[in-house]
*Asks:* 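Take a look at this one; I'll ask things after.
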Amino acid sequence: FEIDSKDALIEFANMVSTNTFAPYTAAAVVANIDMTGVEWTPIEGFGEFTFDGGDFAIKGLNAPLFGTTSATIKNVKIHNAVVKATVGDNTWAGGHLGALVGYPDGTTVIENITLTGDIKVEGPMDKKGAQRIGAVVGGFEAKSLTLNNVTVDANRGSYVKGNLYVGGVAGQPICPVSMTNVTSNIDVY
């Protein structure tokens, strides 16, 4: 499934969340995508598939690219993401928050990922939900999580904010985690 525009990305998200993506085994981004001004609903679904960002930039996300997923996510560049939760429940919106994935589940592989520009990931500090927050991935109880070649190279003033289990890359991993060549320069509060 080729993703060449914001409309195609929205279509892909709808297909995964309604379980109609099953005929496909992979999605590939084939152009830069600007999501600025789009009220993004994260890709939610449990099926084994590969999402290949093709080293194209996905710009202007206001929510995690993926909410809950167990997939291989690779070659994704996220630029200028401002991901702020507005509720205090235990979903990606309040308790599991990251610019790439809110809640990795199952067996999740994340590789060749870059976050650049102004990156702000923040839970509601006055609510219980401001926990398990990371720049790339939030909280998870997956079977396993693999992070290879992940870079957060954010502009000055970028940050990750929460009140419990907050990290420059990941929030709270409750599973076996393998990290190789993972770096982050983002401020953590």
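Just so you know, these numbers come straight off a predicted model, no measurement behind them.
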*Asks:* Does some side-chain heavy atom of R132 sit less than 4.5 Å from a side-chain heavy atom of L164?
*Replies:* no
*Asks:* Same hydrophobic cluster for I10 and V30, using side-chain heavy-atom links shorter than 4.5 Å among ILVMFWY?
*Replies:* no
*Asks:* Give a yes or no on whether V83 and V188 share a hydrophobic cluster (residues Ile, Leu, Val, Met, Phe, Trp, Tyr; joining criterion: side-chain heavy atoms under 4.5 Å apart).
*Replies:* yes
*Asks:* OH/Y189 to CG/N163 distance, rounded to the nearest 0.5 angstrom?
*Replies:* 16.0 Å
*Asks:* According to a hydrophobic-cluster definition based on side-chain heavy atoms being under 4.5 Å apart (Ile, Leu, Val, Met, Phe, Trp, Tyr only), do V101 and V82 belong together?
*Replies:* no
*Asks:* A side-chain contact here means heavy atoms from C-beta on lying under 4.5 Å apart; do D187 and V160 qualify?
*Replies:* no
*Asks:* In Å, rounded to the nearest 0.5 Å, how long is the span from CG of D153 to CG of N155?
*Replies:*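 Here the interatomic distance stands at 8.0 Å.
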*Asks:* The test is side-chain contact (heavy atoms from CB on, under 4.5 Å); show your working for S70 and T107 and say whether it passes.
*Replies:* CA-CA 5 Å; S70 59; T107 300; 5.8 Å; no
*Asks:* Among N112, N149, N148, which residue satisfies the side chain to side chain donor-acceptor pair (under 3.5 Å) criterion with N181?
*Replies:* N149
*Asks:* So which heavy atom on G102 is nearest to which on H96, and how close?
*Replies:* O-CB, 3.2 Å
*Asks:* Going by atom types alone, do T50 and D52 pair a side-chain donor with an acceptor below 3.5 Å?
*Replies:* no
*Asks:* Would you please say whether a donor-acceptor pair under 3.5 Å links the side chains of T18 and T20?
*Replies:* yes
*Asks:* Nearest 0.5 Å please: distance from the CD1 atom of I43 over to the CE atom of M15.
*Replies:*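 Rounded to the nearest 0.5 Å, the CD1-CE separation comes out at 11.5 Å.
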*Asks:* As a test of understanding, state which of K77, H79, K59 forms a side chain to side chain contact (heavy atoms under 4.5 Å, CB included) with T116.
*Replies:*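 The passing option is H79.
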*Asks:* Closest approach of A135 and G168, non-hydrogen atoms and distance?
*Replies:* CB-O, 3.0 Å
*Asks:* Whether the E44 and T68 side chains hold a donor-acceptor pair (N or O, under 3.5 Å, no angle test) is what I'd like checked.
*Replies:*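 Yes, because at least one side-chain N or O of E44 sits under 3.5 Å from a partner of the opposite role on T68.
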*Asks:* Taking it one step at a time, do Y24 and F49 satisfy ring pair (Phe, Tyr, Trp, His ring centres under 6.0 Å)?
*Replies:* CA-CA 8 Å; Y24 300 97; F49 63 87; over 10 Å; no
*Asks:* Using every non-hydrogen atom in the two residues, find where G53 and V29 come nearest and quote the distance to one decimal.
*Replies:* O-CB, 3.5 Å
*Asks:* Could you walk me through whether S5 and D7 satisfy the side-chain hydrogen bond (donor to acceptor under 3.5 Å, both in side chains) test, starting with their C-alpha distance in whole Å, then the side-chain angles of each, then the deciding distance to 0.1 Å, before giving a yes or no?
*Replies:* CA-CA 5 Å; S5 65; D7 291 334; 5.0 Å; no
*Asks:* Which pair of heavy atoms, one from F1 and one from A8, lies closest together, and at what distance?
*Replies:* CE2-O, 3.8 Å
*Asks:* Would you compute the distance between atom CG of D55 and atom CG of N75 and round it to the nearest 0.5 angstrom?
*Replies:*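 Between D55 CG and N75 CG, I get 5.0 Å after rounding to 0.5 Å.
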*Asks:* Can you confirm whether I110 sits close enough to L100 that some side-chain heavy atom of one is under 4.5 Å from a side-chain heavy atom of the other?
*Replies:* yes
*Asks:* Using a strict cut-off of less than 4.0 Å between a Lys/Arg side-chain nitrogen and an Asp/Glu carboxylate oxygen, indicate whether E111 and K74 qualify as a salt bridge.
*Replies:*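 K74 and E111: not salt-bridged.
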*Asks:* Would you confirm whether the ring centroid of Y103 sits within less than 6.0 angstrom of the ring centroid of F66?
*Replies:*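 That pair fails the under 6.0 Å test.
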*Asks:* Is there a donor-acceptor contact under 3.5 Å from the side chain of N80 to the main chain of G60?
*Replies:*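 No: the side chain of N80 does not pair with the backbone of G60.
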*Asks:* Taking S158 for the side chain and A154 for the main chain, is one N or O donor matched with an acceptor at less than 3.5 Å?
*Replies:* no
*Asks:* Just wondering, are more than 12 heavy atoms of other shown residues or ligands nearer than 6.0 Å to NZ in K6?
*Replies:*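 At most 12 heavy atoms, drawn from other residues, nucleotides or ligands, come within 6.0 Å of this atom.
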*Asks:* Specify the closest pair of heavy atoms between L97 and P64, including all atoms of both residues, with the distance to one decimal.
*Replies:* CD1-CG, 4.0 Å
*Asks:* Could you point out which residue of T72, V16, L65 forms a side chain to side chain contact (heavy atoms under 4.5 Å, CB included) with F51?
*Replies:* L65
*Asks:* If two hydrophobic side chains count as joined below 4.5 Å and joins carry through other members, does V38 share a cluster with L9?
*Replies:*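 In one cluster with V38: L9, yes.
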*Asks:* Would you find a donor on one side and an acceptor on the other, under 3.5 Å apart, between the side chain of N32 and the backbone of A57?
*Replies:*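 Yes, N32 side chain to A57 backbone: donor-acceptor pair under 3.5 Å.
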*Asks:* Among V136, T114, V137, whose side chain to side chain contact (heavy atoms under 4.5 Å, CB included) with V150 holds?
*Replies:*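 Exactly one option meets the side chain to side chain contact (heavy atoms under 4.5 Å, CB included) with V150, and it is V136.
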*Asks:* How long is the straight-line distance from CD1 of I113 back to CD1 of I78, given to the nearest 0.5 Å?
*Replies:*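 The CD1 atom of I78 sits 7.0 Å away from the CD1 atom of I113.
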*Asks:* From I186 CD1 over to K161 NZ, what is the distance, rounded to the nearest 0.5 angstrom?
*Replies:* 11.0 Å
*Asks:* Hydrophobic clustering (ILVMFWY, side-chain heavy atoms < 4.5 Å, transitive) - are V182 and V109 grouped together?
*Replies:*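 Cluster IDs for V109 and V182 differ.
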*Asks:* Should we say atom OH of Y165 is surrounded by more than 12 heavy atoms from elsewhere, each under 6.0 Å from it?
*Replies:* no
*Asks:* Identify the two heavy atoms, one from A99 and one from A81, that lie closest to each other, and give their separation to 0.1 Å.
*Replies:* CB-CB, 4.4 Å
